[in-house]
Amino acid sequence: MFCLICYFILYTVVILFILYLLFLAYLKLTTGKCVSDAKLDNKTVVITGADKGIGYETALDLARRNAKVIMACRDLENAKKMAEKIKSETGNKEVYVRYLDVSNLAGVRKFATDFLKDEKRLDVLINNAGMLSASQDIVRTSEGFEITFVTNYLGPFFLTSLLLDRLKKCAPSRIVNVSSMVHTSTTETDLKDLNSEHSKNVKMLYSRSKALQILSTKELSRQLEGTGVTVNCLHPGIVDTNIFSKMKGLFSVIVKIIIFLKLAKTSKDGAQTSIYAAVDENLKNVSGQYLSDCRITASSKLTQDMALAKKVFDISEDYLGKF
Ligand SMILES: NC(=O)c1ccc[n+]([C@@H]2O[C@H](COP(=O)([O-])OP(=O)(O)OC[C@H]3O[C@@H](n4cnc5c(N)ncnc54)[C@H](OP(=O)(O)O)[C@@H]3O)[C@@H](O)[C@H]2O)c1
């Protein structure tokens, strides 16, 4: 009897292990890779949050393609170290660091003003910087914005609008917004109080910020028709980066298990769709799309509502009034 139970347990473990290996193989095979060998000579790229994780790997790849890379980061010490690493790995000396805290709108304006004064070109803007707050309370910046809303959405939205004329002058040019699959849990109610003036619900802040990115991508794309500037957004996959480091609770446990089981992507794999959106020739005339694993895919039904997209875009512009 005992042996029968042992045999059953062993059998189950072996089957589970085989299923796990098959799933790993499936993930490896379906992970999108940017296969384009497009070069970016004489092109200037701005990548926010380029000193860590997905942003770093994106900067490294685009530097390898000979782009002039501007790493827009707030951790200057680390960013300078990583810029040196990119230079030595790629041989590209045109890798620069500029200070940018996207959660501070006055700072975003200063970054854009200095950039436009010093740089002639902007060919690709990658809004990659993002955060996931671990706080159980609404956290506000000194300018009065809820931190996740302004970091993941309003700051990048403002940056894009300030740099838009230069992107138009350098067309064909591209804007890439790094969103997330998590946007799918956002409901229309979540979009009624963008700066959390009334609601104290912190659980949906990240997913809402990512849904806002997609909605504004859709509306901006509509506005940019015929200008030669494209704008797309994307989900990079579940990627083993620092973004989860401060998280607590059940979601954090699930993510840690996924990472432990090697089911999450490496940062290099996680950067592939950003790189694809930035360089692939097949996307030359593609705009307003949501990408995942280097393919166009469908975002949630809510984020495909063009009337809602316009409304969100207009409200966002209103927030920027005094900046
Ligand atoms: N990892 C995933 O599974 C996953 C999944 C879906 C979407 N994403 C998105 O992918 C993007 C990159 O994230 P990651 O996973 O690579 O995380 P990460 O390793 O934590 O990198 C995030 C980068 O954004 C920067 N950043 C955060 N707040 C900033 C601010 N206020 N101003 C300027 N830079 C700021 C960080 O700089 P500091 O270190 O100085 O804060 C860091 O350089 C994010 O938009 C994230 O939402 C990630």
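Below, all heavy atoms of this structure are taken into account, side chains as well, without hydrogens, waters or symmetry copies. Please read these numbers as outputs of a predicted model, since none were measured by experiment.
Defined by atom type and a distance below 3.5 Å, a donor-acceptor pair is missing between the side-chain atoms of Asp137 and Ser135. With 3.5 Å as the limit, one finds no donor-acceptor pair spanning the side chains of Asp61 and Thr58. Side-chain contact of Gln272 with Thr31: a donor-acceptor pair under 3.5 Å is absent, judged by distance alone. Looking at Arg166 and Thr44, their side chains never bring a donor and an acceptor atom within 3.5 Å of each other. Side-chain contact annotation: Ser316 with Tyr153, donor-acceptor N/O pair under 3.5 Å present.
More than 12 heavy atoms of other shown residues, nucleotides or ligands fall within 6.0 angstrom of atom NZ in Lys39. The local environment of NZ in Lys120 is sparse, with at most 12 non-hydrogen atoms from other residues, nucleotides or ligands closer than 6.0 Å. By the neighbour-count criterion of 12 heavy atoms within 6.0 Å, atom NZ of Lys93 is densely surrounded, having more than that number from other residues, nucleotides or ligands. At most 12 heavy atoms of other shown residues, nucleotides or ligands fall within 6.0 angstrom of atom NZ in Lys80. Atom CG of Leu194 is surrounded by more than 12 heavy atoms from other residues, nucleotides or ligands within 6.0 Å. When the shell of 6.0 Å around NZ of Lys203 is examined, it contains 12 or fewer heavy atoms from other residues, nucleotides or ligands.
Between Asp165 and Lys169 there is no salt bridge, since no side-chain N of the basic residue sits under 4.0 Å from a carboxylate O of the acidic one. Using a 4.0 Å cut-off between a side-chain N of Lys or Arg and a carboxylate O of Asp or Glu, Lys28 and Asp269 qualify as a salt bridge.
Between the side chain of Thr241 and the main chain of Gly53, no donor-acceptor pair closer than 3.5 Å is present. Remark: the backbone N or O of Phe149 is not paired with any side-chain donor or acceptor of Ser209 at under 3.5 angstrom. A donor-acceptor pair is defined here as one N or O able to donate and one able to accept, closer than 3.5 Å; such a pair exists between the side chain of Thr186 and the backbone of Ser207. A side-chain donor-acceptor contact under 3.5 Å links Asp190 to the backbone of Thr187. The backbone N or O of Gly288 lies less than 3.5 Å from no partner atom in the side chain of Thr217, so there is not a single donor-acceptor pair. Between the Asn195 side chain and the Glu146 main chain, a donor and an acceptor come within less than 3.5 Å of each other. No side-chain donor-acceptor contact under 3.5 Å links Asn177 to the backbone of Ser179. In terms of modelled atom types and a separation under 3.5 Å, the side chain of Asn152 and the main chain of Met131 share a donor-acceptor contact. Panel note: side chain Asn128, backbone Gly49; a donor-acceptor pair is recorded below 3.5 Å. Between the side chain of Ser88 and the backbone N or O of Lys85, at least one donor-acceptor pair lies under 3.5 Å.
How far CG of Leu62 is from CE of Met71: 11.5 Å, rounded to the nearest 0.5 Å.
Test Thr48, Asp114, Asp118 against Arg98 for side chain to side chain donor-acceptor pair (under 3.5 Å) and you get one pass: Asp118.
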Next item on the list: Begin from the C-alpha positions of Asn127 and Ile175 and carry the test side-chain contact (heavy atoms from CB on, under 4.5 Å) through to its verdict.
Entry: CA-CA 8 Å; Asn127 287 308; Ile175 303 164; 4.1 Å; yes

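Minimum heavy-atom separation, Met306 to Lys218: CE-O, 3.6 Å.
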